[in-house]
Amino acid sequence: MQHSNSDSTQLPPIVIIDDSKLKQLFLSEILKSECTIFTFASEHEALPRLPEIRPQCILVDMERPGEDGLATINHIKSLSVTADVPIILITSTDDGDTERRALEHGVVDFVGNKYAPEIIRNRVKNQIELYGYRRELERQVDLKTRSVLELQDAIMLVLSDLVECRDSLTSGHAQRTRDYAERLMHQLIADGHYVQELSPELVRDIIRAAPLHDIGKVGIEDAVLNKPGRLTKNEFDDMKRHTILGASAIANAMKSLHDNSFLCVLRDISLSHHERWDGTGYPLGLAGNSIPLCGRIMAIPDVYDALVSKRPYKDPYPHEMAVQIIRDGIGSHFDPLIGEAFLRCEQDFAHIAQVRH
Ligand SMILES: [Fe+2]
Ligand SMILES: [Fe+2]
């Protein structure tokens with residue numbers, strides 16, 4: 001490897017992969033005022049060094065002994081550190097077919113001794129600048145996204161605290177159900193179930209939405225919500241409305257937004273966490289896979305937490321009894337795959353219950 005330019009800290013690093021010493025010198029001479037240059041005779045030598053060099057542009061000679069130029073381009077693009085780094089092809093012929101194939105493989109421009117030095121310098125400079133703009137834009141988008149997500153988290157925390165303020169009988173339920181849901185989803189993914197559906201984004205949205213699954217309870221009157229005893233049939237019917245109240249409040253908020261995956265999940269979780277796999281749940285009596293996945297997932301943390309928590313009409317059930325009740329409900333109350341996943345991580349539920357109660 002050759003490394004040219006005395007003031008290397010100031011200039012953007014670029015990599016040249018070319019077996020011809022003459023071409024390396026030719027390009028280095030043209031580009032040394034703009035870049036810190038690292039030259040390699042082969043892909044074999046260059047690739048291991050790319051993570052450390054972090055080039056902002058890579059110039060690749062198409063024909064090197066024993067190495068295929070297009071394969072080199074693919075290899076560079078397969079490395080996370082250089083996946084989006086602009087690649088310029090070094091070419092000395094007017095072979096249109098080679099250029100077409102190189103463009104199809106993601107090459108962004110061409111240089112070579114058929115071009116004037118000034119053109120070569122500007123082509124490389126332009127690509128480095130574009131790459132810099134793109135990275136800066138991505139950084140800004142990341143920052144904005146993070147701050148929006150943090151704000152969303154903070155608002156969700158406030159809302160779930162408000163729900164808990166009203167519903168004094170189920171203290172801590174919101175936060176515990178979030179922890180259970182997170183554990184359960186990791187188990188599902190580890191088991192290889194619903195892996196396609198449970199994208200990192202959906203998992204994140206479900207974790208965020210979980211503490212608010214009962215948000216509709218703010219619309220239930222105190223006499224029912226905080227009744228220190230078992231609910232009558234009418235009162236229970238009234239309580240069931242919290243699913244619809246929550247979902248319609250979220251649906252209203254969604255009208256002013258183009259597309260918000262988080263609110264979709266929150267609406268679905270709110271509406272469907274009391275549905276049952278066999279269609280005997282509420283409010284809609286949905287069955288099987290027509291119940292949104294987030295609702296099918298939420299059903300288990302919700303029931304488990306209700307079982308192991310104290311209620312005005314019952315003492316907390318021991319963990320083993322709660323596990324047995326859920327086991328008995330697999331295939332009737334609960335989605336079989338999610339129920340089985342629960343059985344594989346029920347000890348972690350016990351741990352969360354112990355820490356969070
Ligand atoms: Fe609920
Ligand atoms: Fe709940």
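Counting starts at 1 for both ligands and their atoms, following the listed order. Residue numbers start at 1 and run along the sequence shown. All of these numbers come straight from a predicted model, not from anything done at the bench.
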Legend entry - Asp302 backbone or side-chain N/O/S under 2.8 Å from the Fe ion (ligand 2): yes
Inset, instruction - Could you tell me whether any N, O or S atom belonging to His273 is less than 2.8 Å from the Fe ion (ligand 2)? - result: no
Inset, instruction - Compute the centroid of each ring, for His242 and then for His273, and state whether the two points are separated by less than 6.0 Å. - result: yes
Legend entry - Qualifying residue, where the test is side-chain contact (heavy atoms from CB on, under 4.5 Å) with Leu70 and the options are His75, Glu104, Met62: Met62
Inset, instruction - Could you check which N/O/S atom of His242 is closest to the Fe ion (ligand 1)? - result: NE2
Inset, instruction - Would you kindly say whether His213 and Asp302 are connected by a side-chain donor-acceptor distance under 3.5 Å? - result: yes
Legend entry - Arg123 versus Gln127, side-chain donor and acceptor atoms under 3.5 Å: no
Inset, instruction - Using the six-membered ring of Phe334, assess whether NZ or CZ of Arg276 lies under 6.0 Å from its centre and within 45 degrees of the ring axis. - result: no
Legend entry - 2.8 Å cut-off met by an N, O or S atom of His274 to the Fe ion (ligand 1): yes
Inset, instruction - Report, rounded to 10°, the angle at the Fe ion (ligand 2) between the two atoms OD2 (Asp214) and NE2 (His173). - result: 100°
